[in-house]
Amino acid sequence: MRLKVILSGSVLGVIALMAFDFHVFNRPVELKLPSNFPEPVYDFKTNPLTEAGIQLGKELFYDGKLSRTGVVSCGFCHQQPSAFTHHGHEVSHGVDDRLGKRNSLPISNLIWMKTFFWDGGVNHLDFVPLNPMENPLEMDETLENVLKKLNESEHYRAAFRQAFGVDEIKSTEFLKALSQFTATLISANSRYDKYVRNEGAQLTAQELNGLALFKSKCSSCHATDLFTDGSYRNNGITSDFRFDKGREEVTSDVTDRGKFKVPSLRNVEYTDPYMHDGRLTSLEEVLNHYSDGVKISETLDPLLLKDGRPGIALTESEKADIITFLKTLTDKEFLADKRFSEY
Amino acid sequence: MKVNKQIGNFVTRNVRVALMLAMLFPALTFAQNGKLVLSFENTFGAEPLAFDKEYTNAHGENLRFTLLNYFISNIKLTRTDGSVYAVPQDSCYFLVRHSVPETHKIELTVPEGKYSSLTFLIGVDSLRSTQGPEKRQGVLDVGAGARGMYWQWNSGYIFFKMEGKSKSLPDSTRNGFYYHIGGYGGFDSKTLNCIRYRTLTFEKLKVSEKKTAQVNVTFDASKFFSAQTPIKVTEKRSIMGGPVSVKIADNYKDIFSLSGVIYSRMKK
């Protein structure tokens with residue numbers, strides 16, 4: 001008897017669910033966090049991920065509406081096949097082909113970052129979009145005006161209603177929607193990851209040698225499996241900081257002159273050109289920089305100035321081994337993942 | 001009739017709850033609140049500041065102002081017995097825009113009592129400056145209320161912004177002066193810190209349910225140019241970040257001064 005009641009109850013429930021408009025139902029999403037990564041920095045309690053939220057964020061990421069001219073989207077400068085960097089451009093170009101001052105940074109694993117951009121000026125993932133949007137050299141728009149455009153669109157009004165339950169789109173929902181998408185851009189399935197997580201991948205003898213060399217010569221800055229310690233340092237790429245003072249532009253501290261974010265090296269095979277000004281075009285050039293090209297200045301990182309000699313001692317074969325290792329950080333799944341693609 | 005009966009039923013059914021509430025009530029509402037208005041009056045010397053007037057600063061330079069905005073936050077009142085009332089954090093952020101007269105008056109609901117001093121921050125505290133957009137509503141909303149008062153490139157608010165034109169500058173139609181001061185001190189490493197608190201002491205401020213108390217605070221813009229670190233527009237017409245802004249913050253902090261307390265009967 002009781003069983004019957006339960007049964008017919010659940011049948012009714014299923015029918016009710018089927019009749020329910022699934023578009024109104026916004027399913028929560030739990031991110032799978034890689035076991036070889038530390039705890040994320042981003043606080044998901046303030047922005048719980050949902051299917052509709054992520055989808056909306058992706059749409060915004062690829063929408064030129066976020067720029068004054070209507071054609072420059074986030075995805076214009078951050079292209080998936082090159083690990084969300086602006087492939088083929090030393091420094092990014094934005095609306096009306098205006099040239100920016102810095103090379104675009106690849107976007108991945110953002111939820112583990114405390115600060116953003118080459119100079120670390122932005123302290124919260126949610127506030128990252130304002131920087132390119134309101135930069136006259138990039139998207140040259142105002143958030144206020146973007147919100148106006150979005151509120152005029154029936155489509156976006158409905159999408160925000162579904163994702164956040166709001167009738168009017170305000171800064172909070174807009175910024176959180178973009179973070180919902182960018183938070184999901186996790187790259188953690190390279191051959192290297194599968195090797196360290198014992199998921200059946202092997203590294204060759206040369207790659208393993210490269211890994212050992214990397215650990216001893218590079219990982220004090222490109223640390224952990226995120227391949228950055230999140231700090232700002234001068235790696236001697238230049239000693240002339242008149243054009244770009246780096247971290248000093250944010251801190252007004254002369255001891256920060258010429259210091260830039262230690263970038264992650266994930267997918268580094270595809271993120272060329274390299275360095276904040278995009279001056280190096282290949283990994284060979286990068287390794288040659290570290291062995292022979294490090295320029296001395298007052299803020300040069302002490303790790304790169306041992307016994308008064310600038311640079312890191314590396315033989316040609318060691319460089320080759322490190323490069324083969326760096327290529328094991330290529331995450332093909334990430335670069336082709338349909339969930340992240342524009343089309 | 002029917003409605004009345006329903007209400008009656010409702011009351012009887014909930015009589016126990018009602019009684020319990022009634023017992024709690026006096027305890028909860030024992031401390032009465034009164035209204036306190038902080039009125040910010042921008043002046044140039046003795047005159048009220050007007051954007052369509054020309055002035056001369058202590059260095060003999062001609063000035064006309066086009067913009068004057070500042071954040072006031074983290075308001076605290078100290079009672080004569082030394083105890084402190086802090087305006088609740090989520091409702092303690094205000095932006096005084098000279099061009100919008102309604103923003104010159106900050107209305108607060110404050111426990112009744114006698115107070116001896118008022119403290120506020122000119123700007124936005126570091127905690128709030130590192131929180132997500134859900135904590136940045138109203139005047140802190142970077143896409144609405146805080147428009148023009150936020151630096152995208154270092155995720156910080158501009159605490160104090162003064163702009164204008166000066167005939168003492170060459171080509172004064174284009175060459176204005178711009179003083180944008182901000183910097184909350186940094187997130188995971190130290191950055192520029194322009195957080196400045198100002199404390200004003202009264203002989204006595206009485207907040208009661210019966211009367212509205214208004215504290216008048218004057219900001220005399222003429223002093224901006226002749227404080228500890230003198231500013232000449234002809235020497236420094238643009239400050240947007242940079243080490244000197246710390247000194248400017250010291251300058252403007254002391255300019256906020258108490259010009260009086262007035263009381264008016266509450267309109268019932």
Side-chain angles (χ1 to χ4, degrees), chain A residues 41-47 113-136 138-139 141-148 150 164 168-179 230-232 245 247-256 259, chain B residues 90 93 95 97 124-159 180-195 236 238-250:
Chain A
V41 174
Y42 191 72
D43 182 4
F44 285 102
K45 284 198 295 293
T46 65
N47 191 14
M113 290 180 192
K114 276 197 193 137
T115 46
F116 301 87
F117 298 101
W118 281 111
D119 57 18
V122 173
N123 60 31
H124 196 297
L125 179 59
D126 292 350
F127 288 94
V128 161
L130 277 176
N131 207 348
M133 277 170 56
E134 304 200 341
N135 184 335
E138 297 185 344
M139 301 167 102
E141 249 300 4
T142 65
L143 173 56
E144 204 173 17
N145 204 40
V146 168
L147 293 176
K148 196 165 152 265
L150 296 178
F164 296 98
E168 192 196 342
I169 306 161
K170 293 199 181 147
S171 323
T172 306
E173 295 80 39
F174 170 78
L175 296 171
K176 291 202 178 285
L178 268 166
S179 294
S231 68
Y232 295 81
K245 295 193 184 64
R247 182 102 181 113
E248 186 195 349
E249 296 190 358
V250 166
T251 63
S252 296
D253 181 346
V254 288
T255 64
D256 283 334
K259 292 188 183 171
Chain B
D90 281 333
Y93 298 93
L95 174 58
R97 290 185 190 265
V124 178
D125 53 284
S126 61
L127 179 61
R128 198 54 62 143
S129 302
T130 54
Q131 285 174 321
E134 73 283 354
K135 288 282 187 191
R136 321 265 198 108
Q137 307 289 336
V139 296
L140 298 182
D141 184 335
V142 295
R147 179 114 291 275
M149 295 299 280
Y150 185 75
W151 280 320
Q152 304 80 3
W153 50 272
N154 79 354
S155 7
Y157 291 93
I158 300 172
F159 297 168
H180 299 184
I181 312 300
Y184 61 86
F187 178 45
D188 61 341
S189 66
K190 233 177 88 199
T191 63
L192 215 59
N193 192 334
C194 288
I195 300 241
K236 225 172 190 22
S238 172
I239 299 173
M240 300 184 181
V244 68
S245 44
V246 177
K247 294 191 173 142
I248 308 301
D250 289 331

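Only this structure's heavy atoms are used, side chains among them; waters, hydrogens and symmetry mates stay out. Below, read A as the first sequence line, B as the second, and so on, with proteins coming before strands; counting in each chain starts at 1.
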Practice task
Please flag which part of Asp253(A) lies under 4.5 Å from any non-hydrogen atom of chain B: side chain, backbone, both or neither.
Solution key: neither
Handout entry: Contacting moiety of Glu249(A), where chain B heavy atoms sit under 4.5 Å
Key = backbone
Problem - Gap separating the CG atom of Asp126(A) from the CZ atom of Arg136(B), nearest 0.5 angstrom - result: 9.0 Å
Exercise for the section: Considering non-hydrogen atoms only, spot the tightest contact between Lys176(A) and Pro133(B) and give its length. Expected result: NZ-CD, 3.9 Å
Exercise for the section: Can you tell which part of Ser245(B) gets under 4.5 Å to a heavy atom of chain A, answering side chain, backbone, both or neither? Expected result: neither
Problem - Gln152(B) side chain near Leu143(A) side chain, heavy-atom distance below 4.5 Å - result: no
Exercise for the section: Sort out for me which of Val146(A), Val250(A), Val128(A) touches chain B most, counting heavy-atom pairs under 4.5 Å. Expected result: Val250(A)
Completion exercise
Max heavy-atom pairs within cutoff under 4.5 Å with chain B, candidates Ser171(A), Ser179(A), Gly230(A), goes to Ser171(A)
Handout entry: Whether Asp119(A) side chain and Trp153(B) backbone form a donor-acceptor pair below 3.5 Å
Key = no
Fill in the blank from the handout: Whatever's closer than 4.5 Å to a heavy atom in chain A on Gln131(B) counts as backbone
Handout entry: Portion of Lys135(B) that has a non-hydrogen atom of chain A nearer than 4.5 angstrom
Key = neither
Problem - Any side-chain heavy-atom pair of Thr191(B) and Arg247(A) under 4.5 Å - result: yes
Problem - Interface moiety of Phe127(A) toward chain B, non-hydrogen atoms closer than 4.5 Å - result: side chain
Problem - Best-contacting candidate, Asn123(A), Val254(A), Asn47(A), against chain B by heavy atom pairs under 4.5 angstrom - result: Asn123(A)
